[in-house]
Amino acid sequence: MSHGAGLVRTTCSSGSALGPGAGAAQPSASPLEGLLDPSYPRTHAALLKVAQMVTLLIAFICVRSSLWTDYSAYSYFEVVTICDLIMILAFYLVHLFRFYRMLTCISWPLSELLHYLIGTLLLLIASIVAASKSYNQSGLVAGAIFGFMATFLCMASIWLSYKISCVSQSTDAAV
């Protein structure tokens, strides 16, 4: 019975090599310690994600509040911008709350790279279609411009994700 209690203390410890009783001496340690990454919102990747979400939201609002001349083109634009925004928010939360540590069965850098590749291509197509169907209506033109800005920001994230997932893995394999 005491062997099982020692096993529970070991799995609940903070990962130190002090032994099974090391976690009991720290009364201020909470089970949620380390859940939130306080330094992540100040990183370049996080700021880039926030900029993407803001430009996608502005693009969506501009198109949503305008009079449409072509229903299929702008409904496609709305769907792509909202889906991209939701996925970028999901990846932001994964990094902010360190879910990548708990869900190790998913290759997070690779899934983020694939999301950005597919999402950027769809966003570029949606922005081109929205720009070509705008007919000089200011809200639709503004939505298309913000769509192109979000596309550019997503391309920057593709480069960042590529550097993280492919270049760092190839240098790790060489060492």
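In this text, all values refer to a predicted model and were calculated from it rather than measured experimentally.
Looking only at atom types and distance, the side chain of Ser39 has a donor-acceptor partner in the side chain of Asp37 under 3.5 Å away. A donor-acceptor contact closer than 3.5 angstrom links the side chains of Gln52 and Tyr116.
Side chain of Tyr74 to main chain of Ser134: a donor-acceptor pair is present (N/O by atom type, distance under 3.5 Å, no hydrogens or angles). When atom types are taken as modelled, the side chain of Thr120 and the backbone of Leu117 share no donor-acceptor pair closer than 3.5 angstrom. Not a single donor-acceptor pair under 3.5 Å links the side chain of Trp108 to the backbone N or O of Arg101.
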Stepwise side-chain contact (heavy atoms from CB on, under 4.5 Å) test for Met53 and Leu89: CA-CA 7 Å; Met53 288 188 285; Leu89 178 64; 3.7 Å; yes
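A continuous path of Ile, Leu, Val, Met, Phe, Trp and Tyr side chains, each step under 4.5 Å between heavy atoms, connects Phe97 with Val50, placing both in one hydrophobic cluster. No single ILVMFWY cluster, assembled from side-chain heavy atoms under 4.5 Å apart, contains both Met155 and Leu113. Hydrophobic clustering, with ILVMFWY side chains joined whenever heavy atoms are under 4.5 angstrom apart, keeps Phe148 apart from Leu153. Phe152 and Leu47 sit in two unconnected hydrophobic clusters of ILVMFWY residues. Membership requires side-chain heavy atoms under 4.5 Å apart, directly or through other members. The hydrophobic clustering, which links ILVMFWY residues whose side-chain heavy atoms are closer than 4.5 Å, places Leu103 and Leu93 together.
Rounded to the nearest 0.5 Å, atoms SG (Cys154) and CG (Leu122) are 11.0 Å apart. Atom CD of residue Glu112 and atom CD1 of residue Ile158 lie 11.0 Å apart, to the nearest 0.5 angstrom. Residue Leu85 holds its CG atom at 11.0 Å from CG of Leu123, rounded to the nearest 0.5 Å. With rounding to the nearest 0.5 angstrom, the CG atom of Leu124 is 4.0 Å from the CD1 atom of Ile128. Atoms OG and NZ, on Ser72 and Lys133 in that order, are 7.0 Å from each other to the nearest 0.5 Å. With rounding to the nearest 0.5 Å, the separation of CG in Leu57 from CD1 in Ile82 is 6.5 Å.
Considering every non-hydrogen atom in both Cys62 and Gly139, the closest pair reads CB-O, 3.5 Å. The shortest heavy-atom contact between Tyr40 and Ala45 is OH-C, 4.2 Å. For the residue pair Gly119 and Asp84, the shortest heavy atom distance occurs at O-OD2, 3.4 Å. Summarising the geometry of Ile125 relative to Tyr76, their closest heavy-atom pair is CG2-OH, 4.1 Å, with the distance given to 0.1 Å. Taking every heavy atom of both residues into account, Val63 and Gly143 meet most closely at CG2-CA, 3.9 Å.
A heavy-atom distance below 4.5 Å is not found between the side chains of Ser111 and Pro109. Using a 4.5 Å cut-off on side-chain heavy atoms (C-beta onward), Tyr92 and Pro41 make contact.
With ring centers used as reference points, Phe77 lies 6.0 Å or more from Phe60.
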